Structure formats: structure tokens, C-alpha cells
Undergrad: 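Questions regarding the structure given below will be posed in turn.
Per chain, numbering begins at 1; letters A, B, ... match sequence-line order. Only a predicted model underlies this, so the values are computations on that prediction, with no experimental measurement involved.
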Number of protein chains: 2
Amino acid sequence: MNEKQQEILNAAEKLFEEKGFDGTSVRDIAKEANVNLAMISYYFGSKDKLLETLFETRLDNFRINYELIFDKDFTAFESLEKLVHVYVKTMNQNAGVYKILSVEGGIKKRLINSDSFTKIKKFNLELVSKVLQKGINAGVFNKTVSPVLLHSTMMGTFMNFQMNRSFLQNVLAITSDEAYNQYIENQLANHIHRTIKALLIYED
Amino acid sequence: MNEKQQEILNAAEKLFEEKGFDGTSVRDIAKEANVNLAMISYYFGSKDKLLETLFETRLDNFRINYELIFDKDFTAFESLEKLVHVYVKTMNQNAGVYKILSVEGGIKKRLINSDSFTKIKKFNLELVSKVLQKGINAGVFNKTVSPVLLHSTMMGTFMNFQMNRSFLQNVLAITSDEAYNQYIENQLANHIHRTIKALLIYED
DNA sequence: GTTTAATTTAAACAAATGTTTAATTTGTTT
DNA sequence: AAACAAATTAAACATTTGTTTAAATTAAAC
């Protein structure tokens, strides 16, 4: 994958995130990437295949690093804390592609390379299950929490910050994008961690 | 607003949700609504104004019913439980428009009637604050939880089920759409309630 | 240095897009 | 019944769309 191809992919990522796949023309992408219009077909075949290739090249970024979470010396609580922070950081670093995936994945006619992404999603969901199991085996977590629901709370809370950026920046009085990212990786990650931890040790 | 106009709005809602605003042509809408193409311009002026009108006509559905949550006889815990269930049910009943708003609202060039929606969002956020305050005044909730973060967890967890419908239907082995809606209004709402309640009474 | 392949370009293509037009039908009012 | 307004239609409109073409340029191989 040469430099020009990467520029095209970066331009596509930026514009797809900002304006959506259907709201972005290949001419927009060509202009943003400073390449001739025909280069996109030349390298990627079509606009659809460009989206496909974009996902493929970014796919591995979404696999959560197992070792960071399951260090042998970690308690269940430490694994949980790591899980949440690694998860939020990983997703936030790939927020652009994740937002595109989230939006375009919900569109029926788009038959996104869903196999590979489903595989990764299930792998990541498995991590949540493993952390849960670790705490249950250690006798410190409540048994009855569904990993799917737990994962939805983690991912959903995070994604809410991606989908409502301007509203939340306003409400939280955050002016710069860097500050917003900092808020996500610190306060938001802490909130998610506290929330899930509370749920797991909560008995009613 | 006559019958034909409503059919157009319903068709637009359905298609915008399925294929996105830019992925839907006015011809698609006309066909779905069984009206002549020109009727859309005739009644709504333009495709953009159609979207605007769609939001306007559905706007009030998003205002959470205050009385259902703040019955005088309710304890803070009961208000919290009501809040979550009313919230989830309200949003689920308007999931289509909410998804459109969520997706299209993130697109920069689209200058959605954001004032009216921001107002409602803030009103609903205020409800969360009020429930929180009620519990704090009663001495039963933890003081340090941000209503914005709490709201993000509630909305985000719910929206995660809207944005990842097919994946979750697969993972949860839910086959029908009705069963999925039931799952959302029962198990999911309970999960969100348990989660938030746990956080609010949790002390570390 | 010549030949061959890869890259880059401007132009053209047909199809689809949102919107308008001008004519016709339908409904209402007098 | 006549006159008027509202609703409905098929056709046309100018752009924009994704993609292809054929020629020109650059790079690589021999």
C-alpha cells in the first residue's frame, strides 16, 4: 500500500466520518487527498471497495490487547479496570472508523465485510466474559450480569460521546477537541469503570 | 397536515432510518408513499425541508413525561426506576426518528433544527438531575455522580441496541423484531436501572 | 537507450439526483 | 353551471453522481 493509496484512505476516513458514505462523493475524496479522480477507481476499483478496504486496513486496530488485561498478577478488579481503560482508549483512537462502521453498518444495502468485524466484536465480547468469569471465580462479582449487557453499557456510553459531540461539548463547557479526548479517556473511562464495578458488586 | 402528507413523512422516516438521508432519493420516498414525485416538493418544498418537518412533527414525542416520574408518593428509588423505564420506552417508541437524528445530527453540513432538539435534550437531562437531587436530599444516593455521565450511560446503552441490532439479535438469539423490542423494554431497561442504581448507592 | 509496464491526466459516459414546469384533473365556492 | 383554487401528473431541467476511456507521462527492466 503506497503513500498515495494511504492518502486516499485517510481522506476517505475523514470525509466518511464528517459527511457519511453517501454524503461524500469520490470527487470530494480526490480533492481532499490531492489526487486525480480516476486514481480512486484505479487503486480501489470502486467507491464501495474503497470503504471495504478502509475497514480492512483498520480492522486490526479494534482487537483489544489481551495481555494488557490479563496479566497474571492482576486481581479481577484490576483486570476490570484495565479492560475499561484499554477499551475506551482503543476505541477513542479509532473513533473515526468506528463511527463510520457504526453508522454505515446499520444501513441494510451496505453489506459491510461484516464477517471479519463480527469476529472481532465477538472476540472483544469474550474478553468481557473472561473478566467477569475471573471475578466470579474469585467470588467478588455478582453472578447474574450478562456480558452482552455489560458490553453494551461500556460501548454505548462511550459511543454516546462520539455521536453527541457538539451537544456534550456545549453542556460540559469543553472548548477544544483535545480536551474532549482527554475527558473521554479520563473522566468518562473512570465513570464507566465505576459504573460497571458498582454493578458487579451490587446486591439487591 | 393531511393524510397524504403524513404518508410521505412515514415513508421518509422508514427510508431515512434504513438507508440514511443521503442514501434515500426523493423518488424512493415517493414510491414508498405511493405519491407522485412532485408532491414532495409541492408539500414540503425540498428534501431538506422534509427532514426538518419530520423532526418537527415528531419532536414532542421526545419530551419525557414529568408526572410519570415525579409522583408525590414516589421515593427517590421509585422515581429512578420510573425514569429509566419511561425513558427507555419513550425512546424505543421513537427509535426510528431518534436513530435518524443521531446519525444525521452528527453530519456537519446538515444544520438540523438543533435548537428545538437541544432544548428537549436539556429538559430531559434536567429530569435526570432532579431524580439525582431527590436521592441526594433523601440521603440515599452518592453525591459525586455527574448527571451528564449518568444520562450518557442510560442513553448510550439503549442506543447501542439500536445501532447494533443485527449483531445483538444474533448474539442474543432473538429472531423476531417484536421479541427484540420486548427485550429492550424489559431486560435492557432493567439492566440500565440496576446499573444506575448500583452506581448511585455504591461507595468505594 | 529502447522497450515495457505502471502511473497520471483530462475528458467523456450514462445514470441518478433534486427541483421545476406546464398541463390536467379534482374539489370547492358562488 | 361557471369560476376559481387546490391537487396531481408526466415530462423536462440542470447538476451531480460513479465509472471508464484513451492519451500522456513517468518509472522500471532489459
Undergrad: Atom NZ of K4(B) to atom C1' of dT25(C): distance rounded to whole Å?
TA: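 Roughly 12 Å, once rounded to whole Å.
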Undergrad: In whole angstroms, how far is the P atom of dT25(C) from the OH atom of Y42(B)?
TA: 17 Å
Undergrad: Rounded to whole Å, please give me the gap between CD1 in I40(B) and P in dT17(C).
TA: 12 Å
Undergrad: Mind telling me whether Y98(B) and F62(B) have parallel, tilted or perpendicular rings, with 30° and 60° as the class edges?
TA: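 The rings of F62(B) and Y98(B) sit tilted, inter-plane angle from 30° to 60°.
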Undergrad: In this structure, how many angstroms lie between the P atom of dA28(D) and the CG atom of N2(A), rounded?
TA: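 Taking atom P of dA28(D) as the reference, CG of N2(A) is at 12 Å.
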Undergrad: Let me know the distance between CG of L50(B) and C1' of dG18(C), rounded to the nearest Å.
TA: 12 Å
Undergrad: Check every strand shown and say whether Y43(A) touches a base, only sugar-phosphate, or nothing at a heavy-atom separation below 4.0 Å.
TA: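 Touches sugar-phosphate only.
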Undergrad: Sequence neighbours left out, what passes salt bridge (Lys or Arg N to Asp or Glu O under 4.0 Å) with E17(B)? Give chain and number order.
TA: none
Undergrad: Which residues pass the side-chain hydrogen bond (donor to acceptor under 3.5 Å, both in side chains) test with R194(B), not counting sequence neighbours?
TA: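 For R194(B), no residue satisfies side-chain hydrogen bond (donor to acceptor under 3.5 Å, both in side chains) once neighbours in sequence are set aside.
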Undergrad: Measure the distance from CE on M1(B) to C1' on dA6(D) and round it to the nearest whole Å.
TA: 16 Å
Undergrad: Just to verify, what does H85(A) make a side-chain hydrogen bond (donor to acceptor under 3.5 Å, both in side chains) with, not counting sequence neighbours?
TA: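 Listed in chain order: N190(A).
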Undergrad: Find the distance Q5(A):CD to dT8(C):P and express it as a whole number of Å.
TA: 10 Å
Undergrad: Between F141(A) and V131(A), which heavy-atom pair has the shortest distance, and what is it?
TA: CE1-O, 3.7 Å
Undergrad: Does N36(A) make a side-chain N or O approach to OP1 or OP2 of dA10(C) shorter than 4.0 Å?
TA: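 For dA10(C), OP1/OP2 do have a side-chain N/O of N36(A) under 4.0 Å.
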Undergrad: For residues 32-43 of chain A, run the donor-acceptor check on the side chains, cut-off 3.5 Å, and write out each pair with its distance to 0.1 Å, sequence neighbours left out.
TA:
{"from": "E32(A)", "atom 1": "OE2", "to": "K14(A)", "atom 2": "NZ", "distance (Å)": "3.1"}
{"from": "N36(A)", "atom 1": "OD1", "to": "A38(A)", "atom 2": "N", "distance (Å)": "2.9"}
{"from": "Y43(A)", "atom 1": "OH", "to": "N2(A)", "atom 2": "ND2", "distance (Å)": "3.1"}

Undergrad: To the nearest Å, how far apart are M39(A) CE and dT21(D) P?
TA: 17 Å
Undergrad: What residues form a salt bridge (Lys or Arg N to Asp or Glu O under 4.0 Å) with R63(B), not counting sequence neighbours?
TA: D60(B)
Undergrad: Extract all donor-acceptor atom pairs below 3.5 Å that involve side chains of residues 143-150 of chain A and protein atoms in other chains or at least two apart in sequence.
TA:
{"from": "T144(A)", "atom 1": "OG1", "to": "N142(A)", "atom 2": "OD1", "distance (Å)": "3.2"}
{"from": "S146(A)", "atom 1": "OG", "to": "V148(A)", "atom 2": "N", "distance (Å)": "3.2"}
{"from": "S146(A)", "atom 1": "OG", "to": "L149(A)", "atom 2": "N", "distance (Å)": "3.2"}

Undergrad: So, using side-chain hydrogen bond (donor to acceptor under 3.5 Å, both in side chains) as the criterion, who are the partners of K47(A) when residues are at least two apart?
TA: none
Undergrad: Hey, where does DNA chain C pair up into stems, meaning at least three consecutive Watson-Crick or G-U pairs with distances under 3.5 Å?
TA: C:1-30 with D:1-30
Undergrad: What string of B, S and - do you get for nucleotides 12-19 of chain D, 5' to 3', when a contact is any protein heavy atom under 4.0 Å?
TA: B----BBB
